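Working notes for the structure below.
Below, chain A is the first sequence line, B the second, and so on; all start at residue 1. Values below: all heavy atoms of this structure, side chains included; hydrogens, waters and symmetry mates excluded. These numbers come from a predicted model, not from an experiment.
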Protein chains: 2
Amino acid sequence: MTARLYVSAQEVAERAGVSRSAVSRTFTPGASVSPETRRRVMEAADALGYQVNHLARGLMRNESGIVCLIVSEVATPYRSALLSILTQKLQNAGKVAMLVNTDRSDGSVDRALKQAIRYRADASIIMSGLPDKSITQLCLKNGQRLVLINRDDDQPGPLRINLDDHEAASRVVTAFVRAGCRRLAFANSQAGTPSLMAREHGFVHAARRLGLDVVVERYGWTGYEAGQVLAQRLLTHQDRPDAVFCATDLLACGFMDTARRQFSLSIPDQLCVAGFDDIEQAAWTSYDLTTFAQPVEAIATEAVRWLEDRSLHEERRIQLHADLVWRGSIRGG
Amino acid sequence: MTARLYVSAQEVAERAGVSRSAVSRTFTPGASVSPETRRRVMEAADALGYQVNHLARGLMRNESGIVCLIVSEVATPYRSALLSILTQKLQNAGKVAMLVNTDRSDGSVDRALKQAIRYRADASIIMSGLPDKSITQLCLKNGQRLVLINRDDDQPGPLRINLDDHEAASRVVTAFVRAGCRRLAFANSQAGTPSLMAREHGFVHAARRLGLDVVVERYGWTGYEAGQVLAQRLLTHQDRPDAVFCATDLLACGFMDTARRQFSLSIPDQLCVAGFDDIEQAAWTSYDLTTFAQPVEAIATEAVRWLEDRSLHEERRIQLHADLVWRGSIRGG
DNA sequence: AACGCTTTTGCAAGCGTGTGCAAATGCTGC
DNA sequence: GCAGCATTTGCACACGCTTGCAAAAGCGTT
């Protein structure tokens with residue numbers, strides 16, 4: 001019993017006693033079909049289990065309905081949260097998400113974009129890494145739309161969504177100082193992405209403006225373990241910090257755990273901590289971390305809105321605001 | 001400057017001075033092309049930025065290369081970990097993942113499968129929820145392959161991958177008893193999925209076999225907050241448990257936090273805890289949770305292997321083993 | 001040079017759909 | 001009944017690709 005072919009519009013047409021065009025029009029919103037034929041077509045379609053072939057439709061319309069999401073480290077809390085809401089909203093907009101994982105190997109963002117082109121994706125949303133300019137050109141030339149999320153750079157053409165990292169970082173300084181902290185530190189990873197660096201620079205500059213120095217430490221990849229190592233390093237510093245801004249909540253979690261367990265520090269009494277992203281774990285009582293919320297909802301909304309609106313295919317930048325979520329890891333408040 | 005059409009094989013052929021077929025064959029592994037024409041085609045293709053149109057190819061070959069992943073609660077640690085590795089392996093196998101998020105609304109698994117059919121996905125992998133039998137039939141009739149992960153049920157046709165939940169649960173009983181615990185409890189959500197229930201039943205049965213009773217509590221959705229509530233309920237129980245098996249690591253995290261913070265219990269001295277999934281947070285020092293590891297690697301490997309091997313399109317069940325990861329939340333060891 | 005064989009090439013049909021165009025149909029008002 | 005109009009329908013072509021088939025080309029042998 002080798003599987004039969006899918007049922008085609010032709011078969012539906014025959015069963016309904018109409019032409020194939022009528023079937024096509026029935027499934028094309030806004031096409032001209034009389035109520036009566038539509039009914040008969042629907043009936044036949046249901047009976048046969050007909051589903052429009054989107055490959056063929058995409059071929060004709062030159063619009064596949066596919067949006068390619070390019071991500072690495074999908075299993076990370078912030079990434080998966082953004083991914084979740086993006087797919088949600090894309091589906092609501094009648095699109096479907098194609099997920100390309102760019103872990104390992106470096107040219108993989110480029111490979112991912114080529115994959116997107118092969119499937120004639122209507123757009124690609126890049127959440128990690130950066131494509132080569134030549135590939136960007138290729139995409140734009142082919143009318144493929146491009147969205148860059150939190151990957152600020154100078155590529156032309158696409159929609160770029162970014163946060164006010166710099167300004168957010170300066171708010172942390174204020175909070176730390178108001179809490180009576182004077183020995184500030186910044187814990188960063190070595191990833192060196194623009195948003196991470198913007199937080200670092202924003203923090204350092206704002207502190208300097210108040211005449212305060214900042215100890216900056218960078219280590220490894222942006223995860224829990226790196227946070228632990230950073231705590232080891234920063235807390236054994238001769239002049240131990242009394243406040244640390246971690247570039248990421250994951251770093252902050254590792255940092256806090258090591259600060260408490262290994263250095264027996266009480267938070268926020270002896271050490272104030274702030275993070276960024278507002279991942280789910282930041283709200284867990286073990287951490288109760290004061291942090292900045294990634295506006296994932298707004299990011300997704302803006303991205304999808306831009307994709308839907310065909311008039312806006314010009315270059316565009318959107319800067320969103322990261323709200324400070326005040327919890328218990330900074331004194332006062 | 002409205003975006004030009006994508007470059008087609010025709011244009012490549014003209015530029016290379018060969019027929020369209022030659023171009024097609026150049027990009028079809030194993031087709032008969034002379035080295036010389038292949039070279040010329042490749043040259044022209046590179047110059048023009050040609051990418052094979054997979055929509056058209058899928059239409060002809062009746063094989064799209066798309067595999068549909070049907071998931072809800074993508075942002076959950078275990079789900080996102082599985083998703084990550086699955087996409088990884090699918091890509092290595094030359095497939096591409098289409099992600100359908102089935103949060104909200106109940107018929108959405110069915111809708112997701114219809115979507116998969118419309119895009120003529122070669123297969124669908126269901127990680128959450130359960131499709132209606134009629135839809136399953138529709139898929140199989142159309143030659144679409146189906147993989148169910150941890151969703152044991154009686155649907156015919158697909159590949160079903162499950163864990164030895166029952167046996168794992170009984171190992172926890174042994175560990176608890178060996179640690180000197182006698183007042184056992186099981187913390188579950190109300191989701192009632194087969195795997196969760198298998199863990200519950202396995203635990204209760206194994207305990208009963210040793211003459212021990214188990215207090216079972218169920219609440220809410222399988223997340224951190226539910227764990228907190230479950231702790232509230234179980235730890236105020238007249239005869240307070242000295243060991244609790246949480247159906248899920250997320251539940252366990254919430255449970256532990258509330259046990260420590262609200263009831264000032266020390267783990268594992270006054271309370272032993274075990275979880276299931278081995279999410280990343282289970283290894284964090286705040287939790288240091290003894291738990292069972294979801295064999296995500298093996299799950300993905302088996303699923304992809306089955307998809308690749310066209311000979312195995314008969315029904316199949318695979319039962320995988322969940323390793324016990326011993327950490328500090330149970331005494332002894 | 002003629003032969004047989006293998007490899008390469010081009011032709012053309014077909015995959016399942018959307019849509020412009022012209023023919024057909026239905027409806028309204030004389 | 002018929003002109004005038006709006007609506008519906010079917011035909012046929014196009015989308016970009018794969019592939020069976022037969023013709024063409026290459027090549028070694030006699």
Side-chain angles (χ1 to χ4, degrees), chain A residues 3-42 44-45 48-66 117-122 142-144, chain B residues 3-42 44-45 48-66 117-122 142-144:
Chain A
R4 259 198 334 100
L5 258 75
Y6 288 86
V7 25
S8 74
Q10 181 61 47
E11 305 176 47
V12 177
E14 280 162 14
R15 172 159 183 145
V18 298
S19 80
R20 200 183 49 71
S21 325
V23 178
S24 180
R25 285 193 249 261
T26 299
F27 289 96
T28 302
S32 164
V33 196
S34 76
E36 170 58 11
T37 32
R38 152 164 274 126
R39 197 190 54 72
R40 287 168 61 188
V41 167
M42 280 310 217
L48 296 174
Y50 171 72
Q51 298 291 131
V52 179
N53 186 333
H54 272 55
L55 300 181
R57 168 177 282 185
L59 195 54
M60 266 303 299
R61 288 211 187 139
N62 221 29
E63 179 176 359
S64 61
I66 296 174
I117 292 183
R118 286 197 278 267
Y119 280 97
R120 297 303 188 258
D122 298 338
N142 287 329
Q144 171 152 163
Chain B
R4 256 195 340 95
L5 259 76
Y6 287 86
V7 26
S8 74
Q10 179 63 45
E11 306 176 48
V12 177
E14 279 162 15
R15 173 161 183 142
V18 298
S19 78
R20 183 177 39 258
S21 327
V23 179
S24 180
R25 285 192 247 261
T26 299
F27 289 96
T28 302
S32 163
V33 197
S34 76
E36 171 58 11
T37 32
R38 151 163 276 125
R39 196 190 54 71
R40 288 168 60 189
V41 168
M42 279 312 218
L48 297 175
Y50 171 72
Q51 298 290 132
V52 178
N53 185 332
H54 273 54
L55 301 181
R57 169 176 281 186
L59 196 54
M60 267 304 298
R61 290 213 184 137
N62 222 28
E63 178 177 0
S64 62
I66 296 174
I117 292 184
R118 286 197 278 269
Y119 279 97
R120 298 303 189 257
D122 298 337
N142 287 329
Q144 172 153 161

- B/Leu55 CG to C/dC15 P: how many Å, rounded? 18 Å
- Item | Any donor-acceptor N/O pair, A/Ser64 side chain to A/Arg120 backbone, under 3.5 Å | yes
When you compare the protein's N or O atoms with those of nucleotides 6-8 of chain C, which come within less than 3.5 Å of each other, and at what distance?
residue, atom, partner, partner atom, Å
C/dT8, OP2, B/Ser32, OG, 3.4

- Message: Under the rule for side chain to side chain contact (heavy atoms under 4.5 Å, CB included), what residues qualify as partners of A/Ala121, not counting sequence neighbours?
- Response: A/Ile66, A/Cys68, A/Ala116, A/Gln144
- Task: Quick one: list whatever passes side-chain hydrogen bond (donor to acceptor under 3.5 Å, both in side chains) with A/Ser34, sequence neighbours left out.
- Result: A/Thr37
- Task: Measure the distance from CD on B/Gln10 to P on C/dC11 and round it to the nearest whole Å.
- Result: 10 Å
- Mind checking what makes side-chain hydrogen bond (donor to acceptor under 3.5 Å, both in side chains) contact with B/Arg15, not counting sequence neighbours? none
- Task: Grab the CD-C1' distance between B/Glu36 and C/dT9 for me, whole Å please.
- Result: 14 Å
- Task: Could you tell me the separation between the CD atom of B/Gln51 and the C1' atom of D/dG16, rounded to a whole number of Å?
- Result: 14 Å
- Message: Rounded to whole Å, please give me the gap between CD1 in B/Ile117 and P in C/dG16.
- Response: 15 Å
- Task: Quick one, give me the B/S/- string for nucleotides 18-25 of chain D, reading 5' to 3', where B means a protein heavy atom under 4.0 Å from the base and S means that only happens at the primed atoms, P, OP1 or OP2.
- Result: BBB-----
- Message: Can you measure A/Asn53 atom CG to C/dG14 atom P for me and round it to whole angstrom units?
- Response: 18 Å
- Message: Output the rounded distance in Å from CD (B/Glu63) to C1' (C/dC15).
- Response: 14 Å
- Query: Separation of B/Glu11 atom CD from D/dC15 atom C1', in whole Å?
  - Reply: 13 Å
- Task: On DNA chain C, check which nucleotide each of B/Val18 and A/His54 is closest to and give me the residue with the more 5' one.
- Result: B/Val18
Please list, pair by pair, any protein nitrogen or oxygen found under 3.5 Å from a nitrogen or oxygen in nucleotides 22-26 of chain C.
none

- Partners meeting side-chain hydrogen bond (donor to acceptor under 3.5 Å, both in side chains) with A/Arg40 (sequence neighbours left out): none
- Query: Who are the salt bridge (Lys or Arg N to Asp or Glu O under 4.0 Å) partners of A/Arg39, not counting sequence neighbours?
  - Reply: A/Glu36, A/Glu43
- Message: With a 4.0 Å cutoff (strictly under), does any side-chain N or O of A/Ser19 reach OP1 or OP2 of D/dG10?
- Response: yes
- Bend of the helix from C/dA1-D/dT30 to C/dC30-D/dG1 from end-axis comparison, five pairs per end, nearest 10°, comes to 40°
- Task: Please identify each residue that fulfils side-chain hydrogen bond (donor to acceptor under 3.5 Å, both in side chains) with A/Ser24, with sequence neighbours left out.
- Result: none
Quick one: side chains of residues 50-61 of chain B, donor-acceptor pairs under 3.5 Å with protein atoms, not counting sequence neighbours, listed by atom name and distance.
residue, atom, partner, partner atom, Å
B/Asn53, OD1, B/Leu55, N, 2.8
B/Asn53, OD1, B/Ala56, N, 3.3
B/His54, ND1, B/Val52, O, 3.4
B/Arg57, NH2, B/Phe27, O, 3.0

- Exam field: side chain B/Asp122 to backbone B/Glu63, donor-acceptor pair closer than 3.5 Å: no
- Task: Looking only at non-hydrogen atoms, find the nearest pair between B/Val23 and B/Val41 and report the distance.
- Result: CA-CG1, 4.1 Å
- Task: With sequence neighbours left out, write down each residue that passes side chain to side chain contact (heavy atoms under 4.5 Å, CB included) with B/Arg20, or none if nothing qualifies.
- Result: B/Ala9, B/Gln10
